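Right, one structure below, let's go through it.
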Amino acid sequence: MRGQARITESNVQDMLREVRMALLEADVALPVVRDFIARVKDKALGQEVVGSLSPGQALVGVVHRELAATMGEGVSDLDLATQPPAVILMAGLQGAGKTTTTAKLAKHLVEKRRKKVLTVSADVYRPAAIEQLKTVTKAAGAEWFPSSPTDKPLDIARAAVDHARRHYMDVLLVDTAGRLAIDEAMMAEIRDLHATLKPIETLFVVDAMQGQDAINTARAFKEALPLTGIVLTKLDGDSRGGAALSVKQITGAPIKFAGVSEKIDGLEVFDADRHAGRVLG
Ligand code: GDP
C-alpha cells in the first residue's frame, strides 16, 4: 500500500479483513464486528494519507480511533449528584464479579471521594453471598447492612435505604442475586428492586472472559433495566476483552470501570484508548 496517497476501496479490503479477524479473535460478537467494519470503511474511504504514512498505517489509525470512540467517551466516574443516599444497584450474572466489584467501588468511594458508604446484599438465595459481602465490605472500610436469606429482597432494599438515611450515609451500594442463566423471575425481581430503590446508578457487571456470550447477557439486562454504566471485570485474564465493544454497543451505557484483579484494590477507571490496543492485539 506504500506510495499511494489515499485509502481506496481496493487497498482497504485486505486490511479490513485482517481487522475483522482480529476483532473476532478478541471475541467481539459477529453483528458488532460487521457494524464496526462498515463504519470504519465509511470513515476511511477517500481519506488522504498524510506525510510518511502508508494507507495501511492510516487505516490502522482510523480503526484504533473508532474503536476507542466506540468503547469510551472520556472519564466517567460514578454519578452521586442526588439527595443522599445515592443508591447504586449492581446487576449481572452469577460469577460476573458483582460482590467483589461492590466492595471495590465501596473502597473507591471511601478513599477517593471521601464518602460514607453502606453496602447491602439482596441475594437471598445464597447465604454465603451475604457473608462474602460482609467480609469484603469490612476490608473496604465501608459499613455493611445485615440481611437474611429469609427476608424478601424488596424489604431488604427498603430497610437498607431507611438505615442509610437515618445514619447520614452518602452512598448505598446494593448487591443483587445473579443466576447461572438468565431467567424471567430474576429479571422481574431486579426490575422491582430498581423501581423501589430508584438508583442514580444501575451498573451492569460483566465478565470480560464471557466472550461472545456477553452480547446476549447485555441485551437481556438492557431490556430489563435502564443501565447507567458498565463494569468490565477480569481484565487481568488473558482475554483480549472484545466483550467491551459488544456490551457498549448493545447497551449504549459507558464502561466506567475495569476489574483487574481479585483483590479489593483491583479496580481501574476504564481507559478506552488503551483497551483499543488490547482488542486489536
Ligand atoms: P458475583 O457472583 O457476581 O457476586 O461474583 P463474585 O464477586 O463472587 O466473583 C466471582 C469470582 O470472580 C470470584 O472468585 C472473584 O474473586 C472473581 N473476580 C471478580 N472480579 C475479578 C477481577 O477483576 N479479576 C479476577 N481475576 N477475578 C475477579
Side-chain angles (χ1 to χ4, degrees), residues 27 71 78 88-109 117 119-140 142 144-147 149 153 156-157 160 172-183 185-187 189-190 193-194 199 201-211 213-214 216-218 220-221 224-225 227 229-244 247 251 253 255-272 274-275 278-279:
D27 268 339
M71 293 189 297
L78 296 170
I88 301 176
L89 182 65
M90 309 295 288
L93 292 186
Q94 181 166 319
K98 280 185 306 300
T99 306
T100 310
T101 304
T102 303
K104 287 175 176 178
L105 290 175
K107 187 175 163 77
H108 168 83
L109 290 167
V117 179
T119 72
V120 67
S121 174
D123 186 351
V124 294
Y125 310 98
R126 292 188 312 138
I130 298 177
E131 280 306 304
Q132 184 193 347
L133 184 66
K134 179 181 182 179
T135 309
V136 289
T137 299
K138 275 210 178 114
W144 171 80
F145 185 74
S147 51
I156 294 171
L172 171 64
L173 285 159
V174 183
D175 193 10
T176 60
R179 301 281 166 77
L180 289 175
I182 291 166
D183 63 72
M186 169 195 166
M187 287 304 178
E189 181 183 290
I190 200 159
L193 274 170
H194 185 276
E201 289 272 11
T202 301
L203 301 179
F204 174 49
V205 180
V206 58
D207 180 345
M209 313 277 279
Q210 220 203 341
D213 270 353
N216 298 324
T217 316
F221 277 92
L225 295 166
L227 302 173
I230 297 161
V231 182
L232 195 63
T233 63
K234 309 187 195 180
L235 270 184
D236 49 317
D238 53 12
S239 93
R240 296 235 307 266
V247 169
T251 65
I255 305 174
K256 296 201 167 182
F257 293 96
V260 293
S261 96
E262 286 186 300
K263 301 213 185 77
I264 197 163
D265 53 3
L267 186 76
E268 290 177 357
V269 170
F270 182 74
D271 181 336
R274 204 171 71 199
H275 196 69
R278 174 173 175 159
V279 170

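Whatever order the structure lists ligands and atoms in, that order sets their numbers, starting from 1. The first residue in the sequence is number 1, and the count goes up from there. Keep in mind the model is a prediction, meaning the values are calculated, not measured.
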Within a distance under 4.0 Å of any heavy atom of R126, pick out the atoms of ligand 1 and give their elements.
2 (O)
Answer yes if the side chains of T100 and E262 hold a donor-acceptor pair under 3.5 Å, and no otherwise.
no
May I ask you to identify the nearest protein heavy atom to atom 8 (O) of ligand 1, giving residue, atom name and distance to one decimal place in Å?
Q132 NE2, 3.1 Å
Assess, by modelled atom type and distance only, whether the side chains of Q94 and Y125 contain a donor and an acceptor separated by less than 3.5 Å.
no
Tell me, please: is G92 in heavy-atom contact with ligand 1, that is, under 4.0 Å?
no
Tell me which part of S261 gets within contact of ligand 1: side chain, backbone, both or neither, using heavy atoms under 4.0 Å.
backbone
Report yes or no: does G178 have a heavy atom closer than 4.0 Å to ligand 1?
no
The test is ring pair (Phe, Tyr, Trp, His ring centres under 6.0 Å); show your working for F257 and F270 and say whether it passes.
CA-CA 5 Å; F257 293 96; F270 182 74; over 10 Å; no
Can G266 be said to touch ligand 1, with heavy atoms closer than 4.0 Å?
no
Look at atom 10 (C) of ligand 1 and say which protein heavy atom is nearest, naming residue and atom and giving the distance to 0.1 Å.
G95 O, 3.7 Å
Atom 24 (N) of ligand 1: nearest protein contact (heavy atom, Å):
D236 OD1, 2.9 Å
Below 4.0 angstrom, N of the basic side chain to O of the carboxylate: do E268 and R274 qualify?
yes
Evaluate V136 against T102 for side-chain contact (heavy atoms from CB on, under 4.5 Å), listing each step before the verdict.
CA-CA 9 Å; V136 289; T102 303; over 6 Å; no
If we number the atoms of ligand 1 from 1 as shown, the ones under 4.0 Å from a heavy atom of G259 are 23 (O)
Electrostatic pair D207:K234 at N-O distance under 4.0 angstrom
yes
If you scan protein heavy atoms around atom 3 (O) of ligand 1, the nearest is K98 N, 2.7 Å
Can you tell me the protein heavy atom closest to atom 7 (O) of ligand 1 and the distance?
T100 OG1, 2.6 Å
If you measure only the distance, is there a donor-acceptor pair under 3.5 Å linking the side chains of T99 and D175?
yes
As a check for students: among E262, K263, K234, identify the option with a heavy atom nearest to atom 11 (C) of ligand 1.
K234
Out of all atoms in ligand 1, which are within 4.0 Å of some heavy atom of V260? Include the element for each.
23 (O)
Less than 4.5 Å apart, side chain to side chain, heavy atoms only: is that true for D213 and N216?
yes
Return the residue, atom name and 0.1 Å-rounded distance of the protein heavy atom closest to atom 5 (O) of ligand 1.
G97 N, 3.0 Å
So does W144 get a backbone contact from the side chain of T137, meaning a donor-acceptor N/O pair under 3.5 Å?
no
Hey, are the side chains of L235 and H275 touching, using non-hydrogen atoms and a 4.5 Å cut-off?
yes
Can you tell me which portion of L235 lies within the under-4.0 Å heavy-atom range of ligand 1? Options are side chain, backbone, both, or neither.
neither
Select one of side chain, backbone, both or neither to describe which atoms of E268 lie under 4.0 Å from any atom of ligand 1, heavy atoms only.
neither
Work out whether the distance between some heavy atom of L93 and some atom of ligand 1 is less than 4.0 Å.
yes
Polar contact flag, side-chain donor to acceptor under 3.5 angstrom, S121-S147:
no
